[in-house]
Amino acid sequence: MPYIAAFTLYFLILLAIGMISWWRHKIKTDKDFNVGNRSLNYWVTAISAHASDMSSWLFMGFPAAIYSAGLFSAWTAVGLIAGMFLNWQFIAPKIREATEKYDCYTVSGYFEKRFNDTSGIISMLTATIAFFFFTVYLSAGLVGMGFLFESVFNVPYITGITIGISVVMIYTFFGGFVTVAWQDMFQGLFLLVMIFIVPIVAFSHIDGIAAITQAAREQAIPLTIVPKSFTKTICEILGWGLGYFGQLHILLRFMGIKHTEELRKAKYLGMIWHILTLTAAIAVGTVGIAYFNGTLGNAELVFIEMVKTSFSPFIVGFVLCAILAATISTMDSQVLVVSAVFTQDVYKKIFHKSATPQQLLIVSRATVIAAGIAAYAIAFGKVETIYNLVKYAWAGVGASFGPVLIMSFYSKSINRNGAIAGIVSGAVIAATWGRINNTIPAMIPAFVISAVAAHIASKVTAKR
């Protein structure tokens with residue numbers, strides 16, 4: 001009962017925020033629904049951009065990697081911090097200005113106008129790739145929710161993912177971009193507090209640093225961050241860091257800020273949040289080594305089990321809402337991206353060019369439902385770990401769009417054919433690399449091949 005009371009209270013808070021946001025920002029057109037008419041302040045932009053980046057992976061996948069493999073996995077955080085900072089520095093201002101200049105609010109819409117593509121090929125490719133990888137990404141969030149409800153409420157996994165996808169689809173369906181952004185800001189601040197409290201309390205229950213050192217030695221878990229292999233370290237950093245340049249749900253936040261000049265303040269505020277949450281997640285995994293001392297069956301439950309054995313039932317339920325916050329803040333953003341891409345770049349340009357804004361709003365909301373159902377179907381099988389699902393989708397989205405986006409801003413030679421070659425090659429390599437090589441992360445070869453393919457194809461077809 002205390003768990004249910006805490007979760008109910010949390011959902012009521014989300015509902016209240018959603019209703020207030022919906023009331024203040026009336027949604028009348030698809031533009032209102034998908035990008036909020038570029039009305040976000042820098043606080044909402046900063047926190048919501050970073051919260052939409054961190055799913056249940058922050059509480060489950062990443063601490064599990066530290067708990068199982070030791071502090072070497074912390075290099076993942078280095079890659080994430082560096083990648084996000086470079087994204088703010090070199091991509092955010094460009095994408096904000098370019099999408100306003102071309103009067104578009106999706107990356108594919110920008111590509112189409114930047115490369116003067118009248119064939120609709122770029123739009124179709126972007127929509128197809130985005131739908132595929134984002135449904136995998138969404139399913140990772142649902143798997144996390146399933147584990148959470150299974151562990152806390154002892155309800156079946158299927159019931160957990162059903163509740164999860166229902167919550168996300170309902171308020172995204174009605175509220176659109178602005179509601180999602182305000183929800184994500186609240187959830188980003190909430191989860192920051194929760195992920196900091198837990199390892200501090202758990203640390204007080206063990207015999208200090210000495211207990212962690214002894215438990216790690218007994219379990220043969222390395223506690224040094226100093227890399228034994230330079231190549232492996234570079235792979236760990238680039239395997240995650242390169243992905244930021246193509247993450248459509250984060251780029252959408254950059255497009256939605258009211259004034260480009262405020263991006264600088266948003267950047268520093270967001271990066272502080274980023275560093276704090278990743279540091280706390282590392283602490284969860286590290287403290288867990290001694291806290292459980294090898295007795296934990298599923299490493300991805302390290303945060304959940306730590307909370308359950310450290311706090312009273314009502315507080316447990318409330319703290320575990322932080323996992324919901326991380327999961328929902330990512331899922332709603334991804335659903336919104338899929339909706340915007342399909343509505344603007346497929347339906348409007350290919351199937352119904354004369355559609356009114358009100359008709360497109362209906363299509364946007366219908367796509368929210370379709371994306372949720374597709375993700376539910378993947379999560380239903382419970383076939384992968386959260387960490388692997390996120391890594392697969394992260395590489396797919398990042399390598400498909402990142403290289404082409406960077407080149408569109410900083411290279412005068414790239415053309416329409418190069419963009420198509422880069423998008424296709426990045427997606428194909430990212431999707432299939434795991435069958436070829438499991439040592440080098442898919443992100444690295446896919447990103448490089450995408451950039452090379454875009455450059456070569458542009459050069460070869462330049463005269464044409």
Side-chain angles (χ1 to χ4, degrees), residues 10 13-14 17 21 40-63 66 74-93 95-96 141 144 177-200 237 240-241 243-245 247-258 262-285 303 319-334 336 390 394:
Y10 184 76
I13 293 172
L14 290 185
I17 294 172
S21 175
L40 300 185
N41 60 44
Y42 77 92
W43 270 89
V44 178
T45 299
I47 304 301
S48 68
H50 286 263
S52 67
D53 172 26
M54 297 297 176
S55 61
S56 54
W57 175 91
L58 178 68
F59 289 89
M60 302 176 76
F62 187 39
I66 301 293
W75 284 103
T76 295
V78 175
L80 292 171
I81 291 167
M84 190 60 174
F85 178 80
L86 294 174
N87 206 24
W88 276 110
Q89 187 73 20
F90 297 106
I91 300 300
I95 193 72
R96 172 60 178 83
F177 179 82
V178 174
T179 295
V180 165
W182 278 93
Q183 295 273 23
D184 289 355
M185 187 190 75
F186 164 75
Q187 294 184 110
L189 295 173
F190 176 75
L191 71 86
L192 172 62
V193 173
M194 293 300 108
I195 200 170
F196 247 89
I197 289 174
V198 172
I200 293 173
I237 294 172
W240 289 97
Y244 274 107
F245 303 110
Q247 299 303 318
L248 303 183
H249 56 301
I250 298 175
L251 297 173
L252 190 64
R253 292 294 191 277
F254 299 157
M255 299 177 206
I257 196 168
K258 192 171 186 177
E262 291 195 325
L263 282 169
R264 185 172 180 273
K265 291 185 287 187
K267 172 179 65 179
Y268 291 114
L269 178 61
M271 290 308 303
I272 291 171
W273 186 97
H274 208 61
I275 293 169
L276 290 176
T277 54
L278 287 170
T279 301
I282 292 171
V284 170
F303 180 83
V319 173
L320 291 181
C321 285
I323 299 180
L324 285 181
T327 305
I328 291 173
S329 63
T330 300
M331 292 173 63
D332 55 19
S333 301
Q334 293 163 346
L336 204 58
V390 171
W394 182 264

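All heavy atoms count here, side chains included; hydrogens, waters and symmetry mates do not.
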(message) Could you report the tightest heavy-atom contact between I66 and G285, atom names first, then the distance?
(response) CG2-C, 3.8 Å
(request) Keeping the roles fixed (side chain from R96, backbone from K258), state whether a donor-acceptor pair exists under 3.5 Å. (result) yes
(request) Please assess L278 against F62 for the test side chain to side chain contact (heavy atoms under 4.5 Å, CB included), listing each intermediate value before the final yes or no. (result) CA-CA 9 Å; L278 287 170; F62 187 39; 4.0 Å; yes
(message) Quick check: closest heavy atoms across T277 and L191, and the distance to 0.1 Å?
(response) CG2-CD1, 4.1 Å
(message) As an exercise, state the distance from CG of N41 to CD1 of I257, rounded to the nearest 0.5 Å.
(response) 7.5 Å
(request) Compare every heavy atom of L251 with every heavy atom of F245, then report the nearest pair and how far apart it is. (result) O-CD1, 3.9 Å
(request) Considering non-hydrogen atoms only, spot the tightest contact between K265 and Y42 and give its length. (result) CB-CD1, 3.7 Å
Report, one line per pair, each donor and acceptor closer than 3.5 Å where one atom sits in a side chain of residues 81-89; sequence neighbours left out.
from : atom 1 : to   : atom 2 : distance (Å)
N87  : ND2    : Y244 : O      : 3.1
W88  : NE1    : H50  : NE2    : 2.9
Q89  : OE1    : K267 : NZ     : 2.5

(request) Kindly give the heavy-atom pair with the smallest separation between P63 and V284, and that separation in Å. (result) CB-CG1, 4.0 Å
(message) For A281 versus L58, what's the shortest heavy-atom pair and its separation?
(response) CB-O, 3.5 Å
(request) Under the side chain to side chain contact (heavy atoms under 4.5 Å, CB included) rule, collect the residues that match up with A46, sequence neighbours excluded. (result) A266, L269
(message) Holding to side-chain hydrogen bond (donor to acceptor under 3.5 Å, both in side chains), I want the full list of residues that pass it with W394, two or more places apart in sequence or in another chain.
(response) none
